[in-house]
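Keep in mind the model is a prediction, meaning the values are calculated, not measured.
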Amino acid sequence: MSAADEDLLAEMMQTVQANMASLRDAYEQRAQLTGTGTAADKQVTVVVNADGVVIETRMDDEITELSPEEIAGAVTKAAQQAFAEMKRKTEELVAPMRERNAGMPKLSDLLPGIPDELNSLPTPIAAPTTPRASVEREEPGAARRSTRGAGPEVTQPGW
């Protein structure tokens with residue numbers, strides 16, 4: 001291997017290490033994100049966590065003026081909006097890393113037989129499944145150390 005190749009390899013390894021640290025930070029930031037959707041003239045609001053799990057559902061007192069079918073449709077629409085917002089926020093969070101990595105060759109392209117570093121990416125941190133103000137809310141780091149109990153909790157103030 002030439003000196004130029006060794007320099008390129010060293011630079012690539014530094015970039016990979018920096019990207020891994022950035023990715024860990026992005027996972028932590030992502031775990032804190034939520035998406036919110038509303039429907040039926042803001043009578044229904046749904047909040048999802050970073051994994052798209054519904055963590056809160058709110059309905060206005062005026063909701064009784066709607067039929068059960070209209071309420072169901074509004075909840076579905078609000079949940080879909082919330083998920084779409086969450087997806088958009090996630091894409092915005094990772095876009096800088098994707099742009100930075102777009103022009104980088106794979107390690108295996110330079111050194112045949114060496115595995116790509118992409119195989120050792122850290123896994124995302126599990127997002128909380130309780131509302132932000134909940135006393136039951138676990139911080140993202142706690143999700144790695146323990147398992148959660150029952151499934152997602154949905155609150156409906158005013159019911």
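- Looking at heavy atoms from C-beta onward, Lys42 lies out of side-chain contact with Asp60 at the 4.5 angstrom threshold.
- Under a hydrophobic-cluster definition in which Ile, Leu, Val, Met, Phe, Trp and Tyr are linked whenever side-chain heavy atoms come within less than 4.5 Å, directly or via other members, Met59 and Leu66 are assigned to the same cluster.
- Shown here is Asp41, whose CG atom has no more than 12 heavy atoms of other residues, nucleotides or ligands within 6.0 Å.
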query = Are Arg30 and Val94 close enough, and set up right, to give a side-chain contact (heavy atoms from CB on, under 4.5 Å), and what steps lead you there?
reply = CA-CA 9 Å; Arg30 178 191 167 275; Val94 299; over 6 Å; no
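- Follow the hydrophobic side-chain contacts under 4.5 Å out from Ile63 and you reach Val54 in the same cluster.
- A salt bridge links Glu92 with Arg88: the distance from a Lys NZ or Arg NE/NH1/NH2 to an Asp or Glu carboxylate oxygen falls below 4.0 Å.
- For Glu85 against Thr34, the heavy-atom pair with the smallest separation is OE1-O, 4.4 Å.
- The one candidate from Thr36, Val75, Thr57 that meets the side chain to side chain contact (heavy atoms under 4.5 Å, CB included) condition with Thr45 is Thr36.
- Scanning all heavy atoms of the two residues, the minimum distance from Ala31 to Ile125 falls at CB-O, 4.0 Å.
- Val44 and Ala74 make their closest contact through CG2-CB, 3.7 Å (heavy atoms, listed as atom of the first residue, atom of the second, distance).
- In terms of heavy atoms, Thr38 sits closest to Gln81 at O-OE1, 2.5 Å.
- Met86 and Asn49 make their closest contact through CG-O, 3.4 Å (heavy atoms, listed as atom of the first residue, atom of the second, distance).
- In this structure the side chain of Val47 reaches within 4.5 angstrom of the side chain of Arg58, judged on heavy atoms.
- Counting heavy atoms of neighbouring residues, nucleotides and ligands inside a 6.0 Å radius, atom NZ of Lys89 exceeds 12 of them.
- Taking NZ of Lys87 as the start and OG1 of Thr90 as the end, the distance is 9.5 Å to the nearest 0.5 Å.
- Under the 4.5 Å side-chain heavy-atom criterion for ILVMFWY residues, a single connected hydrophobic cluster contains both Leu33 and Val48.
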